[in-house]
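Small disclaimer: the values here were computed from a predicted structure and weren't measured. Heavy atoms only: backbone and side chains are in, while hydrogens, waters and symmetry mates are out.
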Amino acid sequence: MPLITPEKRRRGIYILPNLFTTAALFAGFFAIVQAMNQRFEVAAVAIFIAMVLDGLDGRIARLTHTQSEFGAEYDSLSDMVSFGAAPALVVYEWALKDMGKLGWIAAFIYCAGAALRLARFNTNIEVVDKRYFQGLPSPAAAALVAGLVWVVIDHGLAGTDVRWYACILTMFAGISMVSNVLFWSGKSINLRKSVPFIVLIALVMAFALISSYPPGVLFGLFVVYALSGYVMYAIRWRNRRLRANARAAEAERDVPPSDSPQA
């Protein structure tokens with residue numbers, strides 16, 4: 001008999017992936033602290049760093065076969081801090097504080113949306129299509145808020161100058177997280193599969209573009225991603241309507257005309 005059974009091994013705590021999860025949690029907590037110290041640009045960058053670390057922990061766990069129930073639960077709690085509480089507090093301290101009740105309500109909508117989004121993801125993980133996320137992922141929603149903060153500060157503006165835009169974007173991100181709109185997950189990408197050389201060139205160009213102006217490019221990319229789900233939803237809705245109309249028209253053609261009554 002082995003000293004540690006396979007069942008207990010699966011329930012154990014693996015160091016490597018949880019180190020990245022802890023680092024992401026620290027980045028989110030660091031963003032909150034920096035927002036309290038009025039260093040909003042540093043807080044926004046810390047949220048983006050948390051996004052990178054959050055994307056690595058799951059992939060490392062899968063590549064090293066170190067997935068565990070503890071890791072999944074720890075990752076969700078880390079996401080709630082880094083992509084739920086941190087962006088809400090940062091944007092509130094930066095732009096929404098002077099809006100009174102509307103400001104903290106917008107921040108709460110975002111925070112509650114992130115919590116509900118994570119809870120739904122954990123309960124539906126086995127029943128949804130792996131190619132899509134149901135609702136805007138919390139890291140992408142956090143990138144919308146943090147990206148706005150970063151871009152505006154980089155242009156020398158204060159949060160109060162764009163507080164209405166910040167309020168609308170914050171509520172949009174919160175509502176999008178709990179919507180039923182599907183967003184591409186990227187999980188269909190196989191990192192072990194060979195790709196054409198043009199893909200490598202495109203990746204190099206993407207890194208060069210991001211490095212040329214990180215705040216604007218990153219914010220623009222996540223705005224496009226957030227809107228892509230609604231665009232695809234509208235296209236699918238239109239296609240369903242066209243198919244339904246086509247079936248209805250075909251059914252009318254198949255119905256034989258009724259004989260008119262004779263006088």
Side-chain angles (χ1 to χ4, degrees), residues 27-28 31 35 40-52 54-55 79 82-84 86-92 94-96 99 103 106-107 109-114 116-118 121 131-187 189 202-203 205-237:
F40 300 111
E41 187 173 11
V42 177
V45 174
I47 291 174
F48 277 102
I49 293 175
M51 281 184 53
V52 176
D54 179 71
D79 289 351
S82 300
F83 311 128
L89 291 173
V90 169
V91 74
Y92 176 77
W94 175 66
L96 305 180
M99 298 183 70
I109 289 175
Y110 176 92
C111 191
L116 294 170
R117 168 72 177 77
L118 291 169
F121 176 79
R131 298 173 299 171
Y132 300 99
F133 291 121
Q134 185 182 12
L136 183 67
S138 56
L144 281 178
V145 175
L148 177 66
V149 175
W150 197 2
V151 168
V152 172
I153 293 177
D154 191 67
H155 282 79
L157 300 175
T160 53
D161 297 332
V162 295
R163 59 181 180 270
W164 286 105
Y165 297 103
C167 181
I168 293 172
L169 184 68
T170 302
M171 289 191 291
F172 168 78
I175 294 172
S176 295
M177 282 190 283
V178 296
S179 68
N180 290 323
V181 178
L182 300 179
F183 294 85
W184 181 60
S185 67
K187 294 182 179 180
I189 299 176
L203 290 175
M205 294 180 64
F207 280 114
L209 182 63
I210 293 174
S211 62
S212 64
Y213 182 47
V217 175
L218 288 174
F219 179 61
L221 288 175
F222 282 101
V223 168
V224 171
Y225 179 73
L227 295 177
S228 67
Y230 291 95
V231 171
M232 295 306 299
Y233 179 85
I235 292 175
R236 285 191 291 267
W237 178 83

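Between Trp94 and Val162 there is a side-chain heavy-atom pair separated by less than 4.5 Å. In this structure the side chain of Arg163 never reaches within 4.5 angstrom of the side chain of Cys167, judged on heavy atoms. Side-chain contact check for Trp184 versus Ser228: every heavy-atom pair is 4.5 Å or farther apart. You'll find the side chain of Phe121 stays beyond 4.5 Å of the side chain of Pro137, heavy atoms only.
Between Ala106 and Met171, the shortest heavy-atom distance links the atoms CB-CG, 3.7 Å. Closest heavy-atom contact between Ala50 and Gly28: CB-N, 4.4 Å. Heavy-atom minimum distance, Ser211 versus Pro214: O-CD, 3.8 Å. Residue Asn180 comes nearest to Gln134 through the heavy atom pair OD1-NE2, 3.0 Å, listed as atom of the first residue, atom of the second, then distance. When all heavy atoms of Asp154 and Pro215 are compared, the closest pair comes out as CG-CG, 4.4 Å. In this structure, Val91 and Ala166 approach most closely via the heavy-atom pair CG2-CB, 4.2 Å.
The OH atom of Tyr233 sits 16.0 Å away from atom CG of Leu227, with the distance rounded to the nearest 0.5 Å. If you take OG on Ser138 and CG on Leu116, they are separated by 12.0 Å, rounding to the nearest 0.5 Å. Atoms CG and CG, on Leu144 and Leu218 in that order, are 11.5 Å from each other to the nearest 0.5 Å. Here the CZ-CE distance, from Phe83 to Met51, works out to 6.5 Å after rounding to the nearest 0.5 Å. Annotation: the span from Leu148 atom CG to Ile153 atom CD1 amounts to 9.5 Å, rounded to 0.5 Å.
Ring geometry, Tyr230 versus Phe172: the interplanar angle falls from 30° to 60°, so the pair is classed tilted.
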Quiz prompt | Stepwise side-chain contact (heavy atoms from CB on, under 4.5 Å) test for Trp150 and Glu41 | solution = CA-CA 5 Å; Trp150 197 2; Glu41 187 173 11; 3.3 Å; yes
Quiz item: Does the side-chain contact (heavy atoms from CB on, under 4.5 Å) test come out yes or no for Ile47 and Val145, once each step is laid out?
Solution: CA-CA 10 Å; Ile47 291 174; Val145 175; over 6 Å; no
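The residue from Tyr225, Phe133, Tyr132 that alone fulfils the ring-ring contact (aromatic ring centres under 6.0 Å, His included) condition with Phe183 is Tyr225.
Other residues, nucleotides and ligands contribute more than 12 heavy atoms inside 6.0 Å of the OH atom of Tyr213.
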